[in-house]
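Before any comments, here is the structure.
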Amino acid sequence: MTGAPPKVTLDLARDSGLTAEEYDRILQRLGREPTYAELGLFAALWSEHCAYKHSRVFLSRLPTEGARVLQGPGENAGAIDIGDGWAVVFKIESHNHPSFIEPFQGAATGVGGILRDIFTMGARPIALLDSLRFGEFDDPKTRRLVEGVVSGISWYGNCFGCPTVGGEVAFAPEYAGNPLVNVMCVGLVRADAIFRARAEGVGNPVFYVGNKTGRDGIHGATMASATFDDSASERRPTVQVGDPFTEKLLLEACLEAMKTGAVVGIQDMGAAGLACCTSEMPARAGTGMDVELSRVPQREVAMTPYEILLSESQERMLLVAARGREEELRRIFAKWELDAVEIGRVTASGTLTARLRGQVVAHVPVNLLAEAPKYTKPTAPPAWLAERLAFDPLTLPEPADYGEALLALCASPTIASKEWAFRQYDQQVGLNTLVLPGSDAAVLRVKGTSRALAVSTDGNGRHVFLDPRRGAAMAVSEAARNVSCSGATPVGATDCMNFGSPERPEILWQFAHAIDGIAEACRALEIPVVGGNVSFYNETNGQAILPTPIIGVVGVLEDTGRRATQWFKASGHRVALLGPPHVSLGGSEFLWRAHRRLCGTLAPLDLEVERKVQAAVRAAVSAGLVTAAHDCAEGGIAVALAEGCVSGRGLVGCDAALDTADRADQVLFGEGPSRVVVAVEPERVRAFEALMAESAIPWRWIGATGGDRLVLRRGTTTLVDVALDRIEGAWRGGFERHMA
Amino acid sequence: MRFGVVVFPGTWSDCDFHYVISEVLHEPVKYVWHRDRDLDDLDCVILPGGFSYGDYLRAGAVAGRSPVVEALRDFVARGGYVLGSCNGFQILCEAGLLPGALLRNECLQYRCQSTHLVVENVETPFTRGLRPGQVLTMPISHGEGKYHADPETLRLLKDQRRIVFRYADAEGRVTRAANPNGSLENIAGLVNPEGTVLGLMPHPERAAEAALGSTDGLLLFQSLLGSLVEDGSFLKR
């Protein structure tokens, strides 16, 4: 683009995503018409993606404080004290829109973005987890999307050198036009060496470091703040292109620079790129910034100020240095063969002044940019909800053969083994991974201490669709339960809220209730939410995704040796079910797979029982009383037991009796919270029983491990009696056969 | 024994090798920057895994022409030991310190998984503590690990007994099913004619602690350390 910038009008403002009211507000506060570059700043920074303008009022309901919290929401990532002078830094973020347009680069740059959020805090990333959602495999696009997303994650994470240790993949038709790519990253930092994104110290130099700026990703933030229609592929140029090699150099250079003490503040140039950093960093510190855009390293010619400010080129950071120590920083970045260019200074002005060869192209108060309007838009329960809830799944016919029904469920791509994806990810670099992908939670040791971290991500769109509040509370409970099953105590959470358009009252209603559910569960389980991400506008041609909050929970395991995994280890161990008997087919994987229905009510969630069950599991694991602990999730207890039998190194059979009066399909495949299956060696049975009595939770023995079949009975009836090799075949092949 | 772990831009197993050598084996170790040419105070140089120079052009191609690798030629000629794992093996082949090349995996995907290796030659400094036919468990993590060599080179490798490890099943049988990347004749690791330069795709540093699933990788280091101890006492530890 050359020549004079376009004239700024209301129409142009509307085209860039601002409303008439917002444009009025800009005119009023500036007292003049914005320049073209300034309009770009407002459009990006006041976009939903950057400003959370529809969600902020709700997000304030989340509990964010706790004794261990070192950094809550508002920075690049949250941080929690884990003892011995160490802190864990973590966050989850979405990259849904780019991944739909260009799955490989979309997913890859999603990984890149969250890695930078972690290492800008001074932490070395030690683990990645991915929560992915796709349409069903009968949709011809699904395979290509899965392949693209998985290879993008594999390419970026592997080359960068951070292991991918967990996450989940689920399939439902509602994601066909809008897949979800949520990536969580976990890093470690000394608790007294956490860096923040603040432009402190008037007169301090502002450095641009990392990759050069190109035209890629311009309008990325505004793209993520609108819904898609069939022309989505035309937006391919708004997807950024990643370079994991440069990111690795940036990691090493930044961590080395931070050690010198010459770094005052640092922020990743993510959404809205330089515009975001040059306004947010001074806004947080109560300062201003004066930058010369012609000094920004560029890899394309004739870039305009608008383009330089709004480019979302990857692998770049803005760094505020201590005055007088510029040379030290330049030397470090030169060693890693990266650009480090002084582009401006921190000022006391409270404004962002951007110049091109001396001439001012934008001059805006940073607070005005950072404080986008907040909206409290109307919410209303969806009209269709009552009908869905009223439908009783038990009016549907029972399966003719429960063994076949179980095999079909094990072969559901949502439940089946995800080894096809995980074997494409490096899972071990860093030498920390004690429990590889495939158990309820991944476990990573903290070298130099006796401790380990356990991490899990969970979310169930069907549950939230039917009951946003309870469904979201169940997602928190499940992620925490998975961490507890490994033996670790949950210490913090991060949430990625994937929803449709908040401008529709029924979507905002889902969102508001989901936030309430998360808040409720996090309070009851004493897990602060220290960061997260909201992704709205996940709809294509008016079809919204299932409302999908993904919850990532981090736990601390005090003794790396005292941990559990989900699979049965040997024959002759007794098997117990901890937790309440309540389950429901409403919103279950079985109801969808067997009957193609999404309806019914969810099982009740008693958070006090949930808390006690998790505490009991942790106590049992840390006392060395259980040889396996596995959460009952999608597919109910039948699938939990089947996974216990076949997901380990060898096959271990199980014979269990499930004595409740409910209909057999509900007993076997019904889903409900707070339920954990454990296996106990015979010589530990008495100690285990004593511990359970002390814990005051509902629990009972249901059977024993052994043999080469899974047998599930009720009274004198045998409901399921299936050879393990058939279960293993269904479970191992259920996802992979679609990718072969 | 003094170890040096080479760091190229994009290397990521450097810290892992350093950790194993210093914290598990308690041997002296330092990092060697890719621009350094001075290897005089070292007995063994490690070329670790990762994506040196982003694996741009070809895996290991740029690193294979770096100052430190140029210096390795003299180092090897003086009798120094070199262990290249993963990207390190690719670099050794690119530099011509080992013959052949590592191509894209036959499945065209990255593979991170546990593998079994059968030991073919126990007369190298890296394998002298092992038994012939012994099966080691070690993970792989690579996208370009399919070993290839022309028929003449392959014959030479066999004649000189330079193929040290092959991918095998748990019983040590060299089968097609046990080959994770389509390597020629399941070749996983080989040495130079003198046996002082070992290249292998698997990661011995990831199999050095029981907590992480295997200690078989340590056997390579212990063999090497044993080579330097006159009475072989290290092997008996």
Side-chain angles (χ1 to χ4, degrees), chain A residues 124-126 147 150-165 242-253 255 315 335-338 419-437 443-445 447-448 450 452 560-561 563 649 739-740, chain B residues 7-20 22-24 31 33-35 48-57 59 62 86-87 105 107-115 137-144 170 180-181 202-214 217:
Chain A
R124 181 172 284 276
I126 60 162
E147 258 171 8
V150 169
S151 55
I153 292 169
S154 161
W155 175 67
Y156 205 104
N158 295 351
C159 180
F160 176 85
C162 182
T164 299
V165 301
D243 177 358
F245 170 60
T246 300
E247 179 112 327
K248 164 72 172 167
L249 302 185
L250 192 58
L251 161 79
E252 299 301 341
L255 294 187
E315 295 94 20
K335 172 184 159 192
W336 292 99
E337 299 173 36
L338 291 171
E419 200 194 324
W420 181 89
F422 279 108
R423 70 186 178 211
Q424 297 184 52
Y425 306 147
D426 192 318
Q427 306 156 21
Q428 294 155 303
V429 61
L431 301 185
N432 299 316
T433 320
L434 297 175
V435 176
L436 297 169
V443 180
L444 298 126
R445 66 179 173 182
K447 290 199 202 91
S450 61
T560 53
R563 61 175 192 266
R649 275 203 186 154
M739 304 308 298
Chain B
V7 183
F8 297 99
T11 298
W12 43 234
S13 286
D14 46 345
C15 301
D16 295 351
F17 271 105
H18 194 283
Y19 175 83
V20 167
S22 78
E23 303 303 313
V24 180
Y31 290 111
W33 189 237
H34 63 112
R35 293 185 187 280
F51 286 68
S52 57
Y53 297 95
D55 274 356
Y56 291 137
L57 194 58
V62 182
C86 188
N87 196 218
N105 292 350
C107 62
L108 302 181
Q109 289 175 345
Y110 199 94
R111 278 290 177 274
C112 178
Q113 64 187 63
S114 179
T115 61
T137 302
M138 243 182 257
I140 57 163
S141 185
H142 59 247
E144 297 173 26
N181 52 23
H203 286 265
E205 83 284 8
R206 296 187 186 184
E209 292 169 276
L212 300 182
S214 169

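So that the names make sense, note that chain A is the first sequence line, chain B the second, and so on, each numbered from 1.
Both the backbone and the side chain of A/K335 have a heavy atom closer than 4.5 Å to some heavy atom of chain B. Contacts between A/L249 and chain B at a heavy-atom distance below 4.5 Å involve the side chain alone, from C-beta outward. For chain B, no part of A/S151 is nearby; none of its heavy atoms comes within less than 4.5 Å. Only the side chain of A/E337 comes within contact range of chain B, judged by heavy atoms closer than 4.5 Å. Proximity to chain A is limited to the side chain of B/H34, based on heavy atoms less than 4.5 angstrom apart.
Residues that satisfy the salt bridge (Lys or Arg N to Asp or Glu O under 4.0 Å) test with A/R423, not counting sequence neighbours, are A/E736. Not counting sequence neighbours, the partners of A/E252 by the salt bridge (Lys or Arg N to Asp or Glu O under 4.0 Å) test are A/R124, A/K248.
In this structure a side-chain-to-backbone donor-acceptor pair under 3.5 Å is missing from A/D426 to B/S141. Using a distance-only test at 3.5 Å, with no hydrogens or angles considered, a donor-acceptor pair links the side chain of B/W12 to the main chain of A/C159.
Remark: A/L431 CG to B/S13 OG distance equals 7.5 Å, nearest 0.5 Å.
Considering only heavy atoms from C-beta on, B/E209 comes within 4.5 Å of A/R445 through its side chain. A 4.5 Å side-chain heavy-atom check between B/Y110 and A/V150 finds every atom pair outside the cut-off. Counting heavy atoms from C-beta on, the side chains of A/Q424 and B/C112 never come closer than 4.5 Å. For the pair B/L212 and A/T433, the minimum side-chain heavy-atom distance is 4.5 Å or more.
When B/H142, B/R111, B/Q113 are compared by the number of non-hydrogen pairs under 4.5 Å with chain A, B/R111 comes out ahead. Looking only at heavy-atom pairs under 4.5 Å with chain B, the residue among A/G561, A/G161, A/P244, A/C162 that has the most is A/G161.
Centroid-to-centroid, the aromatic rings of A/F245 and B/F51 stay 6.0 Å apart or farther.
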(request) Start with the C-alpha distance between B/R206 and A/V429, add both sets of side-chain angles, then the distance that settles side-chain contact (heavy atoms from CB on, under 4.5 Å), and finish with yes or no. (result) CA-CA 8 Å; B/R206 296 187 186 184; A/V429 61; 3.3 Å; yes
